[in-house]
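Report on one structure; see the data block that follows.
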There are 2 protein chains.
Amino acid sequence: MEPNTEEKIKAAAARLFTTRGFAATRTRDIAAEAGINLALLNYYFRSKENLYRIIMAENFQVFFRGALQIFQNQETGVQEKISLLVDYYIGRLLENPDIPSFVINELRTNPNALIQQAGMHEALKDTNIFSQISQYLEDRGSDMEPVHFILNLLGMTIFPFLAAPAFQSALGLEKEQFSQLLAQRKKLIPVWIDAIINANSLKASTHTS
Amino acid sequence: MEPNTEEKIKAAAARLFTTRGFAATRTRDIAAEAGINLALLNYYFRSKENLYRIIMAENFQVFFRGALQIFQNQETGVQEKISLLVDYYIGRLLENPDIPSFVINELRTNPNALIQQAGMHEALKDTNIFSQISQYLEDRGSDMEPVHFILNLLGMTIFPFLAAPAFQSALGLEKEQFSQLLAQRKKLIPVWIDAIINANSLKASTHTS
DNA sequence: GTCTATAGGATGATAGAC
DNA sequence: GTCTATCATCCTATAGAC
């Protein structure tokens, strides 16, 4: 059905804010994109900044909530969680490829606000992602720091979306071709992550033998 | 010695543009940061946009020129080049941690302009990075796509700088502590990259045996 | 709820004195 | 080359009619 005015504004604002950022987005553009009168934006959301906060929080949720839920599940092992995580992220980001650079940009200008708004600190403590991973690496005889592990995992998963414009332009690829490439990585990244852990555990085993 | 007015403006503009982006940076802020009169900005650079283009091009050069030079050297093998590249990037980015998110952001809003401005297309053809890597992977019996290889290498190297604000905030780390963590990666990433290639070559060898 | 009209303020750029 | 003063424009937000 035809979405109501409030939803039309939110959808238009999400598109523009995520692609252009806060300062470069005009309320007039949002109104035009939504096909509504400029005054209605303030009627429904009181101010540009308030509307922005709402969009921002939702984008941020998409980016982190899913990951937390995967790690909250106590039925699955870490190895399985990694596959689920990569699959989830790549799937989500193929639908909304602009979210990573938007989130990265906001984190740079206002890191604490976002982390707090999403309730990250408590969530991180609850799920205990760090000790899950720490334990997993230990069990596999690897001496890798959990931080490096997470940076590698997220780097391999998320970075391609950030670099997509450069790669498409430099390689002369169509958006669709690059998307297929990224979809392949759903299955490849878990294998690569595994190889990295083995590299560290092999080194450790020769030391202890 | 005391830098002259033109240099003061450029330095201030570089700081503000790279941290806030084009739209969020006011010419008045640049003037204040540089400690000069607002009118001088237009006297030396004619317009905000022109000043921005200059800063942007220089940032972009830092980001890509060094990498190209490493791959242009015909005396070194690919494996050595990877170590040099990782070392170069992490070293440079520890000095200017804001460059990646700035470049990423500009690439999103205007991909072709940047690539062209830096003369990337010709440079990429000249150095032939792709076929160097392609050949290297083949020699090592890996069936990995060169694109994936490059995405992994850059993802592991650059992504941590993009995620730094989030990680520092989420983990409660000081900037200095996180920098040390990133410096460690200079030596670690080449090892991990090697492990990933081995993972692919092992799979290939069991297929052909 | 939706529109028009406009207030109120900030911004990029320049004219003109020194 | 550097300053002050100011213009023209654009932007967010709101008042008030319907």
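Quick note on labels: first sequence line is chain A, next is B, and so on, each numbered from 1.
- A donor-acceptor pair under 3.5 Å is formed between the side chain of B/T18 and the backbone N or O of B/A14.
- Looking at heavy-atom distances under 4.0 Å, B/R28 makes contact with a base.
- For DNA chain C, the contact window with chain A, defined by any atom under 4.0 Å from a protein heavy atom, covers C/dG1 to C/dT4 in 5' to 3' order.
- Within the nucleic acid shown, A/Y44 comes within 4.0 Å of sugar-phosphate atoms alone, with no base atom in reach, counting heavy atoms only.
- Partners of B/Y52 under the ring pair (Phe, Tyr, Trp, His ring centres under 6.0 Å) rule, at least two apart in sequence or in another chain, are B/F17, B/F22.
- One interatomic measurement links the two molecules: CG of B/L38 to P of D/dA5, which rounds to 13 Å at whole-angstrom precision.
- No donor-acceptor pair under 3.5 Å is formed between the side chain of A/E33 and the backbone N or O of A/L16.
- Within the 4.5 Å cutoff, the side chain of B/H148 has heavy atoms near those of the A/W192 side chain.
- D/dT4 atom C1' lies 14 Å from atom CD1 of B/I36, rounded to whole Å.
- Counting non-hydrogen atoms under 4.0 angstrom, A/L41 reaches nothing in the nucleic acid.
- Remark: P of D/dT14 and CG of A/N50 are 11 Å apart, rounded to the nearest angstrom.
- Considering only residues two or more places apart in sequence or on other chains, A/Y89 meets the ring pair (Phe, Tyr, Trp, His ring centres under 6.0 Å) condition with A/F63.
- Counted by atom type alone, B/D139 and B/Q135 present one or more donor-acceptor pairs between their side chains at under 3.5 Å.
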